[in-house]
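Residue numbering restarts at 1 for every chain, and letters A, B, ... go by the order of the sequence lines.
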Amino acid sequence: MPVVGIPTDLLRARIGATVSDKKLDELLDRLGCDVEGITTVVRYRCTACGALVERGEHEELLGACPECLTAAGDDRRAFWTNLGDAQVIRMELLPVRPDLFDAGGLARAVRGLLGIETGLPVYDVVASGIEVRVDPAMGDPRSYRPHIACGVVRGVVLDDPTIRLVMKMQEDLHWALGRDRKFASIGVYDLRGLKSPFHYRPVGPSELRFVPLGTPDARAMTPREILEEHPKGKSYAKLLEKHERYPLLIDDAAQVLSMPPIINSHETALRTESTDLFIDVTGIEERPVMKTLNVVATSLAELFPGSRIETVRVTGDGSSRSTPDLSPATTRLDPAAASSVIGVPLDHTTVARHLETMRFGVKKADDHEGKLAVAVPAYRNDILHEVDLIEDVAIAIGLSNIPRTLIPSFTLASERPERVAARRAATALLGLGFTEVMSLMLTNPQELYGNTRRDDPGDSVVTANPASREQSIIRTGLAAGLLRFLADNRGGGIVRKLFEADDVIRIVPGTAEPVEKLHVAAVIQDRTAGFAGIRAVCDALAREFGAIIECDPCDDPLFLEGRGGRIVLDGRDAGVAGEVHPEVLENFGIHLPVTLLELELNQT
Amino acid sequence: MSRSLPAHHCALLRDLSGEPGPRRIADIALATGVDQSLIAAAVRELAEEGLVEEIEKPFDEITLLDAGKEWIASGEELPEFRIRAILDEEGPLPLPEIAARLGSSPGETGKVLRFLFSRKLARKESAGGNLVSSGGDLPDRSAFEDIALLRRFAEDPDAPVRLTAEESNALAGALGDLKARGFVKVRSRMERSAAITPEGSDLVAGGIEERIERNRLDAELLADGAWRKVTFRPYDVTAGTAPAYPAKPHPLRRILDETRRAFHFMGFEEVRGHYVESAFWDFDALFQPQDHPAREMQDTFYLERPARFDLPEQKFVENIRAVHENGGDTGSIGWGYTWSDEEARRTVLRTHTTAATISALREDPAPPRKVFLVGRVFRREKTDYKHLPEFHQVDGIIVDGEASLSTLLGTLSRFYNLMGFEQVKFRPAFFPYTEPSVEVFVRMPGRETDWFELGGSGVFRPEVTRPCGCDVPVLAWGLGLERLAMVRYGVTDMRKLYMSDFRWLEETELCL
């Protein structure tokens, strides 16, 4: 999970109360945030493109700017302008709560927990008078990115660190809600000088030029050039690889705002003197687009006290709507259900109070059965069902305040027969002095077949996307794993007796049906290891299962010719035993004679 | 019947029984040819049985030092006698003059004066300080005790001279002089002798025979009773030995078995699952949306063989489709996307054992049920010290009208208590298929600063339980066991659990 650093001074200011570091840690933990700790960061500005980066107090300066990729050169101190340091609380992002990614949203939640401000946060929203016209071609497969939602936040006060926070918030939301800009991508602009209506329309690869953000030389580029040359363009070009024309947001005076989901224009970028912000969210799914806008708009409003959210009219193809739509969704909650799921008696009033603590709006439902009518803030993306509200009630109570009890009903324990069989085999082999080893089920054809001189019968489970060449298929037997263990433990003692009892998987020939089988395999490595010794172990194992086995000659290439046997139980093949072929020992790099058995454990 | 004794005991008794009085140990050793230390040990051992008597007599052992040996070897007179001779010949002389005659320094010569005076060989003139002979005949040299003592070394200067305590007392002055001149060294010692007692004599008269000594007992010695005549040489039992280790179950297996035992203690029914599952069972049945990041190729092993599985019965599949798309009849709004059967048919290596518990729930949703399994799961990870592409989980569900968050916390606390962790903590968490969701942390005794996150849990969402035909709350958890093993065994590299060092397998203590 990505980690975010929330400036503690800012967070305390927005909470509006003195909260100790320890208390802060405890409150965030209670919300489910994984707090790593409080540290000091230093802020630097890139002298090439002006981007801000934060580095840990003791971290080295970066060799290149992550935004414009300009190399910092030999004198990094000269390249990076030091803007001073700040204390931050570092925590992992909670993907399901994007409204807690920034100081504004976190403060809103903490104020609830502390009882400073509870219930539904209310944002007075007015119309901005700005219109965005959506070209129907945005729904065309050749230029597909049909959804857009916009908003305005007026009256903000920016400085370099807060601009950096706004950028960081976008980056984190791209990760959590936007699926790396695929479903939703965000742009925030200086509204000053832009002329309504704005146009959201496709643009040809070389139709126009604009100056993208994050170039050291402020060069105007065509969309194609951006995708081929600009660092951000190259990173996200895959999102537009099937496009013939690219999404473009442009004002009525032909000032480009951005080329979603790639890059904003340089001219409309946020500056410390900006006071009014325009926000757009574009994407291929409607819900993430709307939700993301709600989160961005409300978090900005929380971050800048005194600012105001305004709506934008999004029109196209005969439709028209105002965004953001911050009206809360209303859902019902039965306090009895909360009591039962949490396992703590809770009355109406208590449940209502806990919900308000978690910033829900609550009133008694006017219909029936004494349910509560709960208003869900528009920035919450995770309330699908009554149970989601119940979880918030549990968080408000605090997990440490919920008694730990046990279910009173009587149930009988039972054990799986294959576990009993495995234990029986293990007890017998441990008694014979064999030490248990465990190995991974994932292996590869060379190890499983090549090294053991066996042919691949094509009955193994094969992964489509192995993480490494060594781990591409699932073992169909245990022999190779034991031989690998012997090879890995060449030093030390000479006499080794090892076994493994665990599952293998084979696909039934001619079907797609994988069958899991419990196998047991054992090896004896000794100067004088011979067939009789390992055969005796087979007999001993069979005897402990009340079975009598026979051993027929076999031509398993794992064994020396004439020194390997097929173990037959009730006329059925049950495994093999023998002296491992010297070529196999060479393949694994084992320098001593080894005998081996592998049996299928029938669970009857 | 004769008695068998160790050979050196026999030798001692036989030697003493021929002599009426005490015999010195050294003499016995010499006479019997047995090492003196063995005779001494035999004396002590037989004295304890009252067969011999040990007699200790103190004595002084006088050893001639180098200065004394040189003097004897030179055959010279002691200097005080040479001074007397000079004085007799030349009359009174001053000390430096005498020193010159002796070829010595006045200082060295001065040291001799006390012997000159004590033997009354000369005296100092009252006026002038010259030395003058006492005159008269010289007494026989042997009349001087110290010289008489020195002469006892004449035959063999290396052989010490023994003096009894009384002799030593009588010669205290002479010994003092000789020590002062650096001629001899005196050590107080004890003379050990032994004499046979009447019991000892009776024993010898009754017959004794030598016992045989052996290093180990063997079958022949047992067969004819010959062990009775055999002494087994004692070993140094305090010395260390080469380490021995029992053959053991694998340390991780022990954790897996302890885990199973803990759930058996709590009345859980064990089920088994399948390593190869359809995405339907691994994800869709658990309300994990088809675009969820965990389902992506980079986190989950999808399969080339077998590549597709059939879906379960139509009605169940339709219920699952409905909860994903619009919540179906569960009261949920769903995820709001178009659910694809094709995506659900894809095969995966199970990413959690919850796939098994959910199908157990579908097979029998009637409460009360407690179900668990311990099994391997797979995540598409590169192998390093804290990641493996496969690991074990314990997955469990409780299907019960009284199941609640409170009983979930209680059950999980009890489980970790049974595994040896007294301190268990919970934190809210977020999983697509449980609500409320909780992460579990434990703390190791003695490592009070570290909380280890060991797994996720929660109450199954209605979107999960309703399609299975279940209307009561279902508690569920999936807890990692490799991490638990690492905390318990203090292992910092997860690979050690599978790509093991034999020594580690040998040395890790048993815990079950």
Visitor: By a 4.5 Å heavy-atom criterion (distance strictly below it), what part of Ile507(A) contacts chain B: side chain, backbone, both, or neither?
Guide: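 For Ile507(A), the side chain is the part near chain B, not the backbone.
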Visitor: Relative to chain A, which of Val271(B), Val459(B), Val438(B), Ile398(B) shows the most heavy atom pairs under 4.5 Å?
Guide: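 Result: the option with the highest number of such pairs is Val271(B).
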Visitor: Given that the side chain runs from C-beta out, which part of Thr411(B) has a heavy atom under 4.5 Å from chain A: side chain, backbone, both or neither?
Guide: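 For Thr411(B), heavy atoms of backbone and side chain both lie under 4.5 Å from chain A.
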Visitor: Identify which part of Val341(A) has an atom lying under 4.5 Å from any heavy atom of chain B, answering side chain, backbone, both or neither.
Guide: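 Interface part for Val341(A): both.
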Visitor: Do Asp388(A) and Arg461(B) sit within salt-bridge range, that is, some charged N less than 4.0 Å from a carboxylate O?
Guide: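 Answer for the salt bridge query: yes.
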Visitor: Under a 4.5 Å heavy-atom cutoff, which of Glu269(B), Glu439(B), Glu390(B) has the most pairs with chain A?
Guide: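 It is Glu390(B).
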Visitor: Any salt bridge linking Glu418(A) with Arg272(B)? Criterion: basic side-chain nitrogen under 4.0 Å from a carboxylate oxygen.
Guide: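 Arg272(B) and Glu418(A): salt-bridged.
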Visitor: Report which part of Asp34(A) has an atom under 4.5 Å of a heavy atom belonging to chain B: side chain, backbone, both, or neither.
Guide: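 Its backbone and side chain both get close to chain B.
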Visitor: For Pro95(A), is it the side chain, the backbone, both, or neither that has a heavy atom closer than 4.5 Å to a heavy atom of chain B?
Guide: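 The answer is neither part of Pro95(A).
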Visitor: Check whether Glu415(A) gets within reach of chain B through its side chain, its backbone, both or neither, counting any heavy atom under 4.5 Å.
Guide: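 It is both, since atoms from each part get that close.
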Visitor: Thr511(A) versus chain B, heavy atoms under 4.5 Å apart: side chain, backbone, both or neither?
Guide: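 Contact with chain B involves no heavy atom of Thr511(A) at all.
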Visitor: Measure distances from Leu384(A) to the heavy atoms of chain B and classify the residue's part below 4.5 Å as side chain, backbone, both or neither.
Guide: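 Both the backbone and the side chain of Leu384(A) come within 4.5 Å of chain B.
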Visitor: Counting only heavy atoms closer than 4.5 Å, note whether Asp180(A) contacts chain B via side chain, backbone, both or neither.
Guide: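 Looking at Asp180(A), nothing touches chain B.
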Visitor: More than 12 foreign heavy atoms under 6.0 Å from CZ of Arg308(B): is that the case here?
Guide: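 Enclosed.
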Visitor: Tell me, side chain or backbone of Thr411(A) under 4.5 Å from chain B's heavy atoms, or both, or neither?
Guide: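 Contact with chain B involves both backbone and side-chain atoms of Thr411(A).
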Visitor: Taking Arg253(B) for the side chain and Met438(A) for the main chain, is one N or O donor matched with an acceptor at less than 3.5 Å?
Guide: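 A pair under 3.5 Å: no.
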Visitor: Could you tell me which portion of Leu349(B) (side chain, backbone, both or neither) has an atom closer than 4.5 angstrom to a non-hydrogen atom of chain A?
Guide: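 For Leu349(B), side-chain heavy atoms alone lie under 4.5 Å from chain A.
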Visitor: What part of Leu94(A) is in contact with chain B, defined as an atom under 4.5 angstrom from a non-hydrogen atom: side chain, backbone, both or neither?
Guide: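 For Leu94(A), the side chain is the part near chain B, not the backbone.
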Visitor: Report which part of Leu442(A) has an atom under 4.5 Å of a heavy atom belonging to chain B: side chain, backbone, both, or neither.
Guide: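 Answer is both: backbone and side chain atoms of Leu442(A) are under 4.5 Å from chain B.
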Visitor: Sort out for me which of Phe309(B), Phe301(B), Phe391(B) touches chain A most, counting heavy-atom pairs under 4.5 Å.
Guide: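 Of the options given, most contacts go to Phe301(B).
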Visitor: Given that the side chain runs from C-beta out, which part of Ala429(B) has a heavy atom under 4.5 Å from chain A: side chain, backbone, both or neither?
Guide: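 The backbone, not the side chain.
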Visitor: Heavy-atom distance under 4.5 Å to chain B: side chain of Phe499(A), backbone, both or neither?
Guide: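 Neither the backbone nor the side chain of Phe499(A) comes within 4.5 Å of chain B.
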Visitor: What residue in Pro473(B), Gly410(B), Pro428(B) has the most heavy-atom pairs under 4.5 Å with chain A?
Guide: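 Result: the option with the highest number of such pairs is Pro428(B).
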Visitor: Measure Ile474(A) against the heavy atoms of chain B and call it side chain, backbone, both or neither at under 4.5 Å.
Guide: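 Just its side chain gets close to chain B.
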Visitor: Please classify the contact of Phe434(A) with chain B as side chain, backbone, both or neither, using a heavy-atom distance under 4.5 Å.
Guide: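 Phe434(A) touches chain B through backbone heavy atoms alone.
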